[in-house]
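For reference, the structure is listed below as structure tokens.
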Amino acid sequence: MKSYISYFILKYKIGLQYRASAIAGIATQIFFGLVYISIYLAFYESDISNLPMELPKLVSYLWLNQAFLAIVNTWYKNSELVELIKTGNLAYELARPQDVFMMWAAKIYGEKLSSASLRFIPVILFGIIMPYPYHLDLKISLIRFLVFILSFVLASIIVTLCILLFHIIVIYTLDDKGVANMFVLISDILSGGVIPLPFFPKYIINIINIFPFRYIADFPLRLYVGDIHLIDGLYGVLIQLIWIIILYISGKLLMKHALSKVVIQGG
Amino acid sequence: MSLYFNYLKIHLKSLLEYKTSFILSFLSQIMGLALYYFTLICLFQRFSNVKGFTLYEVLLAYSVIEFGIGVSEAFFAGMDKFDRLILRGDFDKILLRPRNIILQVLGEEFNFVKTSRVVEAFVIFIISFINLDINWNIFRVITFISMLISSVTILLSLFIFAASYCFITIKGLEVRNVFTYGCRKMAAYPIGIFKKGFVIFFTYIIPFGFVNYYPLLFLLGRNDFKILSISPLITLLYLVPSILLFYRGVRKYASVGS
């Protein structure tokens, strides 16, 4: 276990070195926050007959989504791991006495967490100082906050496991585009990254509920802004735990299968 | 220009060596893009209009930008990935040849899979035209064609601007994504739906408004100034400062060596 924690800490610390890219990231996230909010403002000013979310909640959701994008985005690709797989350097990973699955999970988790921790505070501060209707409202009750923290930690584990699944697909296809890309696209939309899920028609939401992706961004963030009832929140945390178990077991099995079939290219 | 087409021919030939891979990625791109159009359609299930624009009108504005993105990402990919040329020191190689620099940079790379965006844009054009009641005449046809041209030129100039920026930073920073992706995202909607500041920005600073908003008004018959039918060509002027800036960068260029 200790070695995995050191991988995590190593990746976390390396990530903290990239300050210039963090500043660029902050600018990007703030700009995108403004862009998304402007688009929805235009919609909300045109037709209010059928609103799935109250405007202040929606705006806060969009800000939080941007602030924590480094964690909740599912289109993160670890170029180091993809290269490993493509070039055949995967052999080195197999030679190590650690479990590849856990080692990669620790690396991905570390990178995600470090890039998020450099970025989220400025984006949130910017959202808070913006006037209405761009204002980010952070007011929350203590109980809700605690449930949010719990669900967010679980969400970060789910997203890591999903991304790991993506990398396992790459072991099979040896290509990070094509099939693997479809996985990224679908998970992005189903997690609430493109439009907030309540904006989808009812029958699509029913389909979305079958997948684990909505527990990455949609669930914790809407829980925070108060769009999900607290009781449903606790229930959702339970589902998150179940998904973590399912994803962990299936990921491990798939990894084992993938590695048993792996052919090292070149020498 | 014939130089560029020679490059194009060579890249096409190399593409034909990997047909299945190309077809698969092309199809997956088409499906992925369709999903984004689908989310837009979902939004219009909730809202009947956005500032008076209906679904098909927004789809038309959206797909005009998508068309430009598709063409420029497919055929000007060399400029889009310019930072790699500089990072690897390959730009020196180009400078040594007695040919036009920009054409050579463009010829470095093609990404034909992105033509899926163009195909998809055309499908959406047809769907929108069927559902919209456009009073076609010669002016409206000219309007539409110049919208398509301007959509490509504005993205090409943005690419060149971003590339010039690489001369200073060496590595293309994420910041330029703010301008390319962020503006694209927003400009895909008719810009008139946004607050005044954005409208000014997209009219005078990055003239996306002339690509798919002002001419769109004419196309839909909401505005009768015939001059609007060639207004998209304003974006051609936008190419001039971007090319000048690029050559300024070339003069200041000091190789990173390797």
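Chain identifiers are assigned alphabetically (A, B, ...) following the order of the sequence lines, protein sequences preceding nucleic acid strands; residue numbering begins at 1 within each chain.
- Here the side chain of B:R46 pairs a donor or acceptor atom with the backbone of A:P198 at under 3.5 angstrom.
- Of the two parts of A:I204, only the side chain, counted from C-beta on, holds a non-hydrogen atom closer than 4.5 Å to a non-hydrogen atom of chain B.
- No other option in B:L24, B:V113, B:L43 has as many heavy-atom pairs under 4.5 Å with chain A as B:L43.
- Between B:M186 atom CE and A:F31 atom CZ the span is 7.0 Å, to the nearest 0.5 Å.
- When ring centroids are compared, A:F43 and B:F44 come within the 6.0 Å threshold.
- When all heavy atoms of B:K185 and A:I39 are compared, the pair lying nearest together is O-CD1, 4.4 Å.
- Residue B:F198 touches chain A through its side chain alone, counting heavy-atom pairs closer than 4.5 Å.
- Comparing B:L40, B:L27, B:I193 by heavy-atom pairs within less than 4.5 Å of chain A, the highest count is held by B:I193.
- No more than 12 heavy atoms of other residues, nucleotides or ligands lie within 6.0 Å of CG in B:D133, so this atom counts as exposed by the packing criterion.
- In this structure, chain A has heavy atoms under 4.5 Å from both the backbone and the side chain of B:F47.
- The 12-atom threshold is not exceeded at CE of B:M31, counting heavy atoms of other residues, nucleotides or ligands nearer than 6.0 Å.
- Using a 4.5 Å cut-off between heavy atoms, B:K195 contacts chain A through its side chain alone, with no backbone atom that close.
- Side chains of A:L41 and B:F194 form no contact here, defined as non-hydrogen atoms less than 4.5 Å apart.
- For A:E54, the CD atom is loosely surrounded, since the number of other residues' heavy atoms within 6.0 Å does not exceed 12.
- Atom CZ of B:F112 sits in a crowded spot, with more than 12 heavy atoms from other residues, nucleotides or ligands closer than 6.0 Å.
- Neither the backbone nor the side chain of A:I48 has a heavy atom closer than 4.5 Å to any heavy atom of chain B.
- Interface check for chain A: of the options B:G52, B:S25, B:G32, the most heavy-atom pairs under 4.5 Å are formed by B:G32.
- In this structure the side chain of B:V50 never reaches within 4.5 angstrom of the side chain of A:Y44, judged on heavy atoms.
- At a 4.5 Å heavy-atom cutoff, the contact between A:V194 and chain B is made by side-chain atoms alone.
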Exercise. Between A:I189 and B:F38, is a side-chain contact (heavy atoms from CB on, under 4.5 Å) present by the stated rule, with each step listed?
Worked result: CA-CA 10 Å; A:I189 289 175; B:F38 179 71; over 6 Å; no
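- Looking at heavy atoms from C-beta onward, A:S49 lies out of side-chain contact with B:S48 at the 4.5 angstrom threshold.
- Residue A:F211 qualifies as open at atom CZ: its count of foreign heavy atoms under 6.0 Å is 12 or below.
- Under the 4.5 Å side-chain criterion, counting only non-hydrogen atoms from C-beta, A:F200 is not in contact with B:Q45.
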